[in-house]
S.K.: 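Handing you a structure now.
Lettering follows sequence order; numbering is per chain, from 1.
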2 protein chains.
Amino acid sequence: MDTVDIQRAGQDVGVNLAGVAKLLADGTRAAFCLALLDGRAWTANELARYAGIAASTATSHLNLLVNGGLLVEERHGRHRYVRVADRRVVELIESLAALAPQRNARPLSLSASGRQQALARARLCYDHLAGTVALAITDAMVERGLLEWGPEPALTGNGALWLSETGITVPTGSRRPPVRACLDWTERRPHLAGAVGAALCTHALTSGWMTRIGTTRALLVTPAGREAWHDLLGLPPTEL
Amino acid sequence: MDTVDIQRAGQDVGVNLAGVAKLLADGTRAAFCLALLDGRAWTANELARYAGIAASTATSHLNLLVNGGLLVEERHGRHRYVRVADRRVVELIESLAALAPQRNARPLSLSASGRQQALARARLCYDHLAGTVALAITDAMVERGLLEWGPEPALTGNGALWLSETGITVPTGSRRPPVRACLDWTERRPHLAGAVGAALCTHALTSGWMTRIGTTRALLVTPAGREAWHDLLGLPPTEL
DNA sequence: ACGTCCCTTCGACGTCCGTCGAAGCGTCCC
DNA sequence: GGGACGCTTCGACGGACGTCGAAGGGACGT
């Protein structure tokens with residue numbers, strides 16, 4: 001392989017990488033993906049209104065994202081539903097968010113506009129908890145030394161102990177990172193995601209600490225849950 | 001938070017994400033980062049010649065990458081050395097590579113051009129093994145059911161057993177994924193990376209299975225290493 | 001069957017950005 | 001001190017791309 005070949009090889013692979021990166025290199029498309037991070041399927045129109053652009057522009061963006069393999073679509077009648085294709089896409093977006101400068105690291109005052117309130121308190125984000133409850137849980141785990149929450153979040157030894165004592169088993173052997181920081185628009189602060197976040201969420205649902213409100217992704221903290229979170233992490237019931 | 005605020009929030013965060021993605025959305029910059037994935041510090045000129053562009057163009061690209069936090073630089077005299085800033089950057093690039101379409105999935109016939117040969121056989125890539133030897137190891141682990149090597153690579157139960165029996169301890173509790181696929185230009189096929197890949201590499205070096213050739217990142221398989229790889233994974237000594 | 005709604009296609013506009021070469025500056029070596 | 005080398009700045013060029021509105025197609029409900 002001579003020098004020219006090396007150049008070509010480097011550029012070719014670089015072009016492949018760049019092609020994927022280019023899909024997220026536009027503010028509108030990135031906003032689409034961030035919105036879709038909640039695991040829901042959105043229609044093209046919803047995304048267009050969310051991003052404040054014309055429907056025709058949204059169409060071309062969605063074409064790029066679907067053809068690029070980041071999103072998958074389902075057509076139902078006159079509606080085009082899209083959602084995130086794969087967990088790898090979620091990890092890619094999280095990797096980007098980990099390097100993006102985080103503005104407004106402190107939480108905003110939450111609006112009390114009724115319909116959004118349940119969602120703001122607690123909801124499913126992909127397969128883990130989000131909302132102010134998730135923030136409170138994350139904060140409490142950090143304060144108690146169960147999590148390290150720097151630029152590279154990780155579970156501490158005490159954290160692993162706490163999980164096993166609580167009866168939460170984190171699936172092992174997967175390539176999924178145990179602890180991830182996940183960011184979405186409501187609180188604009190990262191909360192606990194990754195394998196541990198998912199296991200925590202699963203455990204909370206199966207133990208009856210939280211229940212889904214209807215078929216939405218909004219969650220309700222049950223009285224048993226209030227007690228459990230207080231016993232385990234010292235969360236004041238008023239915060240839930 | 002009314003609808004307009006939600007729009008603005010979505011766009012703002014989207015812009016942040018897009019800003020990072022934009023850094024890798026150019027073929028030349030992506031090729032830079034891919035080259036730097038070997039953990040070495042390259043000079044601006046080396047990168048320019050590698051990518052086949054003018055020095056002035058390389059300067060502007062490096063400015064973007066350094067200001068964006070993906071690379072860090074060290075000035076020595078008239079030289080400007082850059083290297084990857086952080087493990088988070090490596091993970092981002094690996095996340096992109098995981099979604100990029102992989103051309104030439106089969107290995108190329110290796111040139112015998114002497115100087116490159118040692119590097120092509122075995123070398124360090126960041127903190128794990130790369131080169132044909134790394135490919136052989138990865139392939140053997142997959143064949144023996146120690147690794148699952150699909151779109152989401154993972155260690156199997158047998159793989160975990162094999163590691164402990166071999167005396168390789170993988171640091172736990174970190175947020176680093178146990179198994180990752182790492183791609184670089186020489187073989188254009190992914191090889192074992194992640195926490196397991198790093199542990200394997202560390203073990204091979206401390207056990208004297210491999211030694212560094214001088215201060216380069218090229219590696220030499222020792223006779224003891226040849227025996228060990230054969231005993232553990234059945235690799236024919238001729239392949240090493 | 002008609003109007004409404006969701007999405008798509010098309011053409012046009014403007015901006016952004018990667019590229020180069022020439023010139024200049026600082027460093028190193030002879 | 002002189003020359004070579006590595007990097008940077010500047011201006012100019014050209015292509016790529018995100019945006020819109022208008023027009024059209026297809027599905028749904030009345």
S.K.: Test your reading of the model: is there a side-chain donor-acceptor pair from A/Thr57 to the backbone of A/Ile53, 3.5 Å cut-off?
M.R.: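 Not a single qualifying donor-acceptor pair exists.
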
S.K.: Determine yes or no for a side-chain-to-main-chain donor-acceptor pair under 3.5 angstrom, with A/Arg88 supplying the side chain and B/Ala98 the backbone.
M.R.: yes

S.K.: Whether the side chain of B/Thr222 engages the backbone of B/Gly208 through a donor-acceptor N/O pair (distance < 3.5 Å, no angle test) should be reported.
M.R.: yes

S.K.: Would you find a donor on one side and an acceptor on the other, under 3.5 Å apart, between the side chain of A/Asp86 and the backbone of A/Val89?
M.R.: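 Side chain of A/Asp86 to backbone of A/Val89, a donor-acceptor pair under 3.5 Å: no, none is there.
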
S.K.: Rounding to a whole Å, what distance do you find between A/Arg75:CZ and C/dC6:C1'?
M.R.: 11 Å

S.K.: Would you say B/Thr28 places a side-chain N or O within less than 4.0 Å of OP1 or OP2 belonging to C/dT19?
M.R.: yes

S.K.: Where the side chain of B/Asp26 is concerned, which of C/dT19, C/dT8, C/dC7 is the nearest nucleotide?
M.R.: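 Ranking C/dT19, C/dT8, C/dC7 by closest atom to the B/Asp26 side chain puts C/dT19 first.
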
S.K.: Any donor-acceptor pair under 3.5 Å between the side chain of A/Arg78 and the base of C/dC5?
M.R.: yes

S.K.: Under 6.0 Å between ring centres: does that hold for B/Phe32 and B/Trp42?
M.R.: no

S.K.: Tell me: CZ of B/Arg29 to C1' of C/dC16, nearest whole Å?
M.R.: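 That distance rounds to 12 Å.
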
S.K.: May I have the distance from B/Asn45 (atom CG) to C/dT27 (atom C1'), rounded to whole angstrom?
M.R.: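 Taking atom C1' of C/dT27 as the reference, CG of B/Asn45 is at 14 Å.
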
S.K.: Between the main-chain N or O of A/His191 and the side-chain N or O of A/Thr138, is there a donor-acceptor pair closer than 3.5 Å?
M.R.: no

S.K.: Taking the nucleotide of DNA chain D with the closest heavy atom to each, which residue, A/Ala54 or A/Lys22, is nearer the 5' end?
M.R.: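 The residue closer to the strand's 5' end, by nearest nucleotide, is A/Lys22.
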
S.K.: Chain A on DNA chain D: first and last contacting nucleotide, 5' to 3', under 4.0 Å to a heavy atom?
M.R.: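 First and last nucleotides in contact are D/dC17 to D/dC28.
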
S.K.: Specify the separation, in whole Å, of atom CZ of A/Arg49 and atom P of C/dC5.
M.R.: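 Distance, rounded to whole Å: 12 Å.
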
S.K.: Heavy-atom nearest nucleotide on DNA chain D for A/His76 versus B/Thr59: which residue maps closer to 5'?
M.R.: B/Thr59

S.K.: Between B/Arg80 (CZ) and C/dT27 (P), how many Å, whole number?
M.R.: 15 Å

